Q: 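Quick one: the structure is below, and I'll ask about it shortly.
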Amino acid sequence: MTTNVRDLRKWKSEGTRFTMLTCYDYSTARWLDRAGIPVLLVGDSLGTTMLGYPDTLSVTMDDMIRHAGSVVRGAPGALVIGDMPFMAYHASAEDAIRNAGRFLQEARVAAVKMEGGGRVIDYTKQLTAMGIPVMGHLGLTPTFVNQFGGYRVQGRSDEAAEQILADARALEDAGAFAVVLEAIPSALGQRVTQVLSVPRTCVAAPSPPLSTSTPPAKAAVIESANAMQEQAVAWRHAGDDIGVVPTMGALHGGHDSLVARARRENQRVIVTVFVNPAQFGPNEDFARYPRPFDQDRARLEALGVDAIFHPPVDQIYPPAFKTRVDPGPLAEVLEGKSRPGHFAGVLTVVLKLINLTQPKRAYFGQKDFQQVVLVRQLVRDFGLPVRIVAVPTVRHPDGLAMSSRNAYLDDGQRQLAPAVHRAITEAARAFTAGETDPLRLEGVTRERLAATQGLSVDYVAVVDDTTLSRPRRAIPGSVLAVAVKLGSIRLIDNVVLGAERL
Ligand code: AMP
């Protein structure tokens, strides 16, 4: 299947990261396509990298069309974007339309890119109105090299940064499906990402060399419970809202989406990275659970978090620790039935983490749907002053929900795993088509799962989203939840009926 601009919008809304690479020729395109790179940009950096020019100004539409066409032929699965070169749209809107049209007709690219804010915003409107997808490009815009007096980082002053933000918004309003940012400070890049609902990507062309990277801001790593609470109280006294994202580390795109949401909604973001022994059963994977903290830390710094709370076990459970939360009957069904004591462990640590981090909002993934229900119950029952935000499940392109435990799957199991999502999607489709009998919806899922050898079902259940009991009839908002085992690896997933585009 070929990636299209709708996929990009969907990935942005789900918080899924994707890779865009520049490419100028058929054989590289073939390799990149086989490696699954979803977006290829044929940049006018062609001039400096392939044609030996000192800058990109000499590159013509004919050069671009010849190379873009070869990339399209080499990468049938990728969304290929053609970069409009110098003078392709600088003189008039007619030029912009004619040359974008040539790109689509002669090279068969799916979209074009134009550099700059200002006038290209009008051109963007005109091209998108004609059905030609446009990618914007802000920051260092190589066709402006003479005006900028060389290749220099852009957006350093407050005024220039505000202009880039305003241009980004204007490009989105004009219909651009994505915006490229080149050579701007990383903090400004994060601000642009926050204000846009369309994706943004960064480009790095191999030549000319640019020293543009601003290292991401350091996040404080806090290990002591008291120090964490003191810092959080200080932030709250200063009037800042805190968003907390509790995790067990081994971070992936699902976690990123929780953090990105927290970043948008709070002045301060704390991510807790703690593999909580209390929520693992005696025969579960506590000891071998992955703990790649250095990687997690770098990832969180790139996402611009303020603090990472990474306590050793005795900071959460000192020797004198005695009290435990009893989660009651909702912890005895579904996951709780298969994992006795799991939710007592989860709620105990969540209560403690909330007290230590003083959040206004706490972010949890819909993937662990029963966990969200029980954490909401905890907040209600104990009057905790925090809002629980549930964030949609982030998936791999083949539908498998991202999970730290996916790392345990071997190649064969990894191939089988997307069957879970296919099975629940099929039931969700049956619901949309009018089937409301919970048993029949479960039956559709079971049948689908039974067709996948090597996969055994733990439970398939249509449940009410607050009582967790099976409703007489499924209604929009009822949840179809599934747990399966692939060998010794347990996977869970769910779908909210009537809520997702299928
Ligand atoms: P974990 O580190 O597995 O305890 O997960 C930390 C948080 O991330 C929990 O609230 C999870 O529900 C959430 N999460 C895990 N996987 C995903 C995913 N694929 N999409 C969205 N949220 C997720």
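Not measured: the values here are computed from a predicted model. Ligands are counted one by one from 1 in listed order, and the atoms in each one are counted from 1 as well.
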Q: E162: what forms a salt bridge (Lys or Arg N to Asp or Glu O under 4.0 Å) with it, not counting sequence neighbours?
A: R191

Q: Using a strict 4.0 Å threshold on nitrogen-to-oxygen distance, state whether R395 and D493 make a salt bridge.
A: yes

Q: I need the full list of salt bridge (charged side-chain N to carboxylate O under 4.0 Å, His left out) pairs touching residues 279-300, with sequence neighbours left out, sorted by first then second residue.
A: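 Of all non-adjacent pairs touching residues 279-300, those that pass salt bridge (charged side-chain N to carboxylate O under 4.0 Å, His left out) are D256-R299, E284-R339, D285-R405, R297-E301.
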
Q: Tell me every residue that passes side-chain contact (heavy atoms from CB on, under 4.5 Å) with L455, counting only those two or more places apart in sequence or in another chain.
A: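 Counting only residues at least two positions away or on another chain, L455 forms a side-chain contact (heavy atoms from CB on, under 4.5 Å) with A419, V420, L449, T452, V484, L486.
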
Q: Applying a heavy-atom distance cut-off of 4.0 Å, which protein residues contact ligand 1?
A: P246, T247, M248, H252, G254, H255, L258, Y289, F364, G365, K367, D368, Q371, P392, T393, V394, M402

Q: How many angstroms lie between CG in D465 and CD in Q366, if you round to the nearest 0.5 Å?
A: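 Nearest 0.5 Å value for the CG-CD distance: 8.5 Å.
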
Q: Distance only, no hydrogens: is a donor on one side chain within 3.5 Å (strictly under) of an acceptor on the other, for Y289 and N276?
A: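 Side-chain D/A pair, Y289 to N276: absent.
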
